Structures are given as C-alpha cells and as structure tokens.
Amino acid sequence: MSKAEEAKKTITIENVVASTAIGQEIDLKSVTLALEGADYDPEQFPGLVYRTKDPKTAALIFRSGKIVCTGAKSIEDVDRGLKKVFKKIASVGIKVDPNPEITVQNIVASADLGSVLNLNAIAIGLGLENIEYEPEQFPGLVYRLDSPKVVVLLFGSGKLVVTGGKKPKDAEEAVERIVKELEGLALL
Amino acid sequence: RLRKWQRRIRVSNATERNLAFALSELDRMASALGLPRNIRETSAVVYRKAVTKNLIRGRSIEGVAAAALYAACRQNGVPRTLDEIAEVSRVSRKEIGRTYRFISRELGLKLMPTSPIDYVPRFCSGLNLKGEVQSRAVEILRQAAEKELTSGRGPTGVAAAAIYISSILCGERRTQREVANVAGVTEVTIRNRYKELAEELDIEIIL
DNA sequence: GCTTTAAAAAGTAACTT
DNA sequence: AAGTTACTTTGAAAAGC
C-alpha cells in the first residue's frame with residue numbers, strides 16, 4: 001500500500017467549526033438567566049457561550065440569532081450539538097427556524113506520515129518562498145496549499161495538522177499532496 | 001495648484017520625518033545591542049525596501065524597524081533572538097516576530113531558519129570559553145544536524161546544550177545555569193537537549 | 001487589528017510537589 | 001526532577017470597537 005494511503009488512514013478530525021442562524025433575534029440577557037452554564041459578558045465579547053457535553057461543543061450565540069459551533073469532532077457532531085442548542089433556545093420560548101442552514105467553516109485534522117522529517121531539507125525542497133519555518137517561534141513548518149486551499153503544519157516527528165478546509169476530503173487531498181511532494185523530493 | 005504642491009511637500013516632509021525616525025530608532029536599538037555598523041546599514045536597507053513596497057501601512061514604524069534589525073542580524077549570520085530585540089524595542093516580541101514574517105515574505109528575503117552554530121561564538125564569549133570549546137561545540141552541532149536532532153527545536157537551546165557538553169569535554173566546565181543565562185533558555189531545556197545529543201551522538205559525559 | 005470558542009501538533013516556560 | 005498548566009502557530013465564523 002502506498003505511503004499516501006497509509007497516511008490517509010491516520011487522519012483524525014479534531015475540530016469542526018460551523019455557523020448557522022435560527023432566523024430570530026435573541027435577547028441574550030434573558031437567555032443567560034434562563035440557561036444554566038451560559039456565559040455572557042458583552043463587555044468582553046458580544047456572543048453568549050453555551051457548552052454541550054455530549055457531543056462536547058461550545059456554541060457562541062449572538063443577538064442577531066446567528067450561532068457558531070466549535071469543538072465538534074465530526075460534522076455529525078456539529079448537527080447533534082446544534083440540535084441540542086436549538087432545543088434549549090426553544091425551551092426558553094424563542095421560535096427557532098425548523099430547518100436552519102448549517103455551514104461548515106473550518107475543519108482541523110491531524111495525521112501521521114509515519115517517519116521523522118528533516119524540516120530544514122523540506123524548507124529548501126518546497127522553496128523558502130512557499131513556506132514559513134521559524135523554530136525559534138514555533139516547532140512546525142507552515143505550508144500553504146492552493147488546492148485544496150488549506151494550511152498544513154509539518155512537524156519533525158512526521159505528524160501534521162491540516163486546517164482551513166471545509167470538508168473532510170480537503171484534508172485527505174492535502175495529505176495525499178504532501179506525501180507525493182515529499183516523495184518527489186525524496187524527503188519521506 | 002498651489003495646494004497640490006503644498007500637499008506634496010507636506011507628504012514628502014512626513015515621509016522623510018518618518019524615515020529619519022526609523023533610522024534613529026534602528027541606531028538606538030543597534031547601539032543598545034552593541035551591533036556593528038554593517039548590521040545597522042543592512043537593517044537600514046531592509047527598512048528602506050519595506051518603505052518602498054509600502055509595507056509600513058497598518059504597522060508601527062518601530063515594529064518594522066525592530067523586524068528589519070532582526071532580519072539584518074540573521075542576514076549577516078550573527079542572529080539576535082526575538083527576546084533580545086524585544087528588550088531594546090518598545091514593541092512586543094510577538095509583534096516583532098509577526099512583522100518579521102510579513103516583511104520577510106514580502107521582500108523575498110528567503111532566510112533559512114537560524115542555525116544553532118551562529119549562536120556559538122557569542123554565547124561562548126559570554127561564558128569566557130576559548131576557541132577550542134567553540135570548535136568542539138560547532139562540530140557537535142554539525143553532527144546533530146546530520147542526525148536530524150535539530151528539526152523543530154529552538155536554535156538557542158540546541159546551541160546551549162552543545163556548548164554545555166563541549167565545555168565539559170574540554171575541561172572548562174560551565175554549569176547549566178551559567179549556559180542557560182547566557183543563551184536565554186531554561187536549565188530544563190539544556191538538560192533535555194544535552195541528554196538527547198549525548199545519547200544520539202554517543203558522547204560520554206563524566207560529571 | 002482585537003475580543004471569544006475549540007482542537008491538534010511539539011517545544012519551551014513557569015509554577016508546584 | 002517530575003508533573004501540571006499554559007503559551008507559541010494555523011484556520012473560520014459571529015458583532016462591535
């Protein structure tokens with residue numbers, strides 16, 4: 001089996017960020033009082049923070065009725081988490097759009113290339129103008145891909161992080177491209 | 001028409017005033033760090049290029065000046081850490097690093113990450129260590145680079161560990177605390193790095 | 001640009017035990 | 001010296017300063 005396929009199998013979605021809207025204005029003050037565990041400090045941030053335990057997510061609820069959901073480990077968990085948030089909001093007497101459109105904004109995934117990497121050599125191989133590698137500031141090498149449009153963080157251990165994608169396939173394509181590029185440079 | 005001219009003169013004055021301020025700022029920081037004239041000149045060149053490419057927009061003159069100085073040190077092979085630059089700057093280390101990455105990319109500086117080897121002469125003289133200790137530390141770092149022991153590690157920490165080992169091998173032992181203070185890292189970091197180097201390079205250290 | 005959320009990677013740092 | 005917590009980097013949305 002190719003290294004690209006081996007690496008793809010190690011892909012783990014670590015975080016999914018999504019946005020939606022209930023189609024109704026919300027009085028955050030009263031919702032804060034009605035919901036236990038709701039954090040709302042308008043001086044610090046305009047959104048109300050509400051956390052769900054299963055799935056473990058954090059929802060940012062705004063006055064406009066727009067909501068941001070973060071922390072989910074899968075797109076399915078985003079839906080499950082938001083369902084719970086919607087029910088909570090509805091239980092406080094607020095009308096909720098029965099079919100809210102949920103948009104995935106970002107997916108963070110991790111993976112393992114299976115062998116250690118020489119980041120200095122990779123920096124030269126990929127081209128110093130295409131990467132950012134400042135070990136004094138951060139141990140990872142930053143590589144931006146145009147297609148899929150994601151950012152990859154490569155580490156000396158061979159582990160990597162792919163972020164900026166909107167669908168799981170973006171991470172898969174990114175890993176495949178990275179593996180092929182590194183193999184082409186004989187650096188993997 | 002007259003206003004147009006006045007405006008141009010005003011802009012020109014402002015531009016020159018800003019440049020003069022930036023250059024004096026570069027000089028002030030360079031003096032505080034005891035940097036030689038060639039580095040001040042390099043930093044001035046980097047700063048002027050940044051001005052030419054309008055990279056100052058939305059950024060503070062001091063931030064760009066600090067980043068230009070940081071870049072100049074690296075270009076000349078005598079790097080200063082972001083912490084050292086930040087100490088003589090009015091800008092935070094975080095902003096200097098950010099600005100450096102920005103101008104580095106925009107000006108196409110294409111600088112390789114700082115090599116631990118470039119820190120050896122300065123750290124060694126700060127510890128009053130002779131040339132023999134230096135060359136031995138450099139040799140350790142060469143081997144370390146070949147064996148992939150530097151990927152992702154902070155250059156100062158690796159350099160400090162190599163110097164620590166070298167000082168012992170040369171019979172001019174410096175404590176981890178002394179090396180840590182000169183290199184600006186913690187003793188824990190030196191310990192982690194030197195154990196790794198000793199193990200992977202098969203260096204026996206008798207304390 | 002900042003503020004807040006979540007999560008991973010690996011290195012470094014700052015505390016406590 | 002070991003453990004814990006926390007900060008560095010990346011990405012995106014929300015409303016407002």
Side-chain angles (χ1 to χ4, degrees), chain A residues 10-21 26 28 39-52 55-74 77-78 81 102-113 116-117 119 132-145 148-166 170-171 174, chain B residues 57-60 63 82-83 93-95 97-98 101 150-158 160 176 180 183-193 195-196:
Chain A
T10 69
I11 296 177
T12 306
I13 292 181
E14 306 284 359
N15 185 25
V16 178
V17 180
S19 61
T20 188
I26 303 175
L28 298 180
D39 294 332
Y40 179 49
D41 182 358
E43 306 290 352
Q44 192 174 96
F45 189 69
L48 180 160
V49 182
Y50 183 72
R51 294 158 214 277
T52 59
K56 187 178 181 240
T57 70
L60 304 177
I61 305 170
F62 299 87
R63 186 193 77 260
S64 63
K66 293 190 176 182
I67 299 172
V68 171
C69 176
T70 69
K73 293 287 188 188
S74 66
D77 279 356
V78 167
I102 298 174
T103 308
V104 173
Q105 303 287 357
N106 183 28
I107 293 179
V108 181
S110 62
D112 190 349
L113 297 181
V116 298
L117 303 174
L119 299 183
E132 264 184 30
Y133 176 43
E134 294 294 331
E136 182 191 337
Q137 301 174 60
F138 187 68
L141 182 154
V142 183
Y143 187 40
R144 289 158 211 280
L145 298 185
K149 189 180 175 303
V150 300
V151 174
V152 181
L153 305 180
L154 291 167
F155 296 87
S157 64
K159 300 272 189 66
L160 59 89
V161 169
V162 180
T163 186
K166 300 236 186 280
D170 289 338
Chain B
R57 283 186 181 178
R59 260 161 284 268
S60 71
L82 284 176
D83 284 323
R93 160 198 159 118
K94 191 170 177 176
E95 196 190 319
R98 233 181 241 170
R101 278 179 242 146
T150 56
S151 272
R153 278 107 184 174
T156 52
V158 183
Q176 292 179 3
V185 296
T186 63
E187 293 161 83
V188 177
T189 295
I190 294 195
R191 228 168 276 137
N192 291 334
R193 295 299 137 242
K195 283 177 185 167
E196 190 173 53

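Lettering follows sequence order; numbering is per chain, from 1. Keep in mind that what you see is a predicted model, and the values were worked out from it rather than measured.
Atom-to-atom, CD1 of A:Ile102 to P of D:dA13 comes out at 17 Å; the value is rounded to the nearest Å. Here D:dT10 presents its C1' atom at 10 Å from CD of A:Glu132, a figure rounded to the nearest Å. If you measure from atom CD of A:Glu14 to atom P of D:dA12, you get 19 Å, rounded to the nearest angstrom. A:Leu145 places its CG atom 12 Å from the C1' atom of D:dT10, with the value rounded to the nearest Å. Counting to the nearest Å, the P atom of D:dG16 and the CG atom of A:Asp41 are 16 Å from each other. Rounded to whole angstrom, the span from the CG atom of A:Leu48 across to the P atom of D:dG16 amounts to 15 Å. Note: CD1 (A:Ile107) to P (D:dA13) measures 14 Å, nearest angstrom. Distance CZ (A:Phe155) to C1' (D:dT9): 7 Å, rounded to an integer number of Å.
Nearest to the side-chain atoms of A:Val17 among the listed nucleotides D:dA13, D:dA14, D:dG11 stands D:dA13.
A donor-acceptor distance shorter than 3.5 angstrom exists from the side chain of A:Tyr133 to the backbone of B:Gly152, with no hydrogens or angles considered. Of the possible polar contacts, one joining the B:Ser151 side chain to the A:Leu119 backbone as a donor-acceptor pair under 3.5 Å is found. Of the possible polar contacts, none joining the A:Ser19 side chain to the A:Gln105 backbone as a donor-acceptor pair under 3.5 Å is found.
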* Chi angles and distances behind the side-chain contact (heavy atoms from CB on, under 4.5 Å) call for A:Val78, A:Ile102 -> CA-CA 9 Å; A:Val78 167; A:Ile102 298 174; 4.0 Å; yes
* Asked: Does the pair A:Phe155 and A:Phe138 meet the rule for a side-chain contact (heavy atoms from CB on, under 4.5 Å), with working shown?
  -> CA-CA 10 Å; A:Phe155 296 87; A:Phe138 187 68; 3.9 Å; yes
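Here the closest heavy-atom approach between residue B:Arg93 and residue A:Glu136 is recorded as NH2-O, 3.5 Å. Counting all heavy atoms, side chain and backbone alike, A:Pro55 lies closest to A:Gly81 at CG-N, 3.7 Å. Annotation for A:Gly164 and A:Val150: closest pair C-CG1, 4.2 Å, computed over non-hydrogen atoms.
Taken residue by residue, residues 64-71 of chain A places heavy atoms nearer than 4.0 Å to DNA chain C at A:Thr70, A:Gly71.
Taking 4.5 Å as the limit, every side-chain heavy atom of A:Leu153 sits out of range of all side-chain heavy atoms of A:Leu160. Counting heavy atoms from C-beta on, the side chains of A:Lys73 and A:Ile13 never come closer than 4.5 Å.
Using a 4.0 Å cutoff to heavy atoms of chain A, the contacted part of DNA chain C runs 5' to 3' from C:dT3 to C:dG11.
No contact: A:Gly140 has no heavy atom under 4.0 Å from any strand. Within 4.0 Å of B:Arg93, counting heavy atoms only, lies no atom of the nucleic acid at all. Residue-level contact check: A:Gly158 touches neither bases nor backbone, having no heavy atom under 4.0 Å from any strand. A:Val162 comes within 4.0 angstrom of nothing in the nucleic acid, heavy atoms only.
Remark: the separation of the P atoms in C:dT12 and D:dT9 is 16 Å, to the nearest Å. When the C1' atom is compared between D:dG3 and C:dA7, the two are found 22 Å apart, to the nearest whole Å. The same atom, P, is picked in D:dA2 and in C:dA8; the two are 25 Å apart, to the nearest Å.
No hydrogens or angles considered: a donor-acceptor pair under 3.5 Å links the side chains of A:Thr57 and A:Thr52.
Atom CD1 of A:Ile61 and atom OG of A:Ser64 lie 11.0 Å apart (nearest 0.5 Å).
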* Structure fact -> Counting primed atoms, P, OP1 and OP2 as sugar-phosphate and everything else as base, the B/S/- map of nucleotides 1-8 of chain D against protein heavy atoms under 4.0 Å is S------B
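For the pair B:Arg98 and A:Val49, nearest-nucleotide mapping onto DNA chain C gives the more 5' position to B:Arg98.
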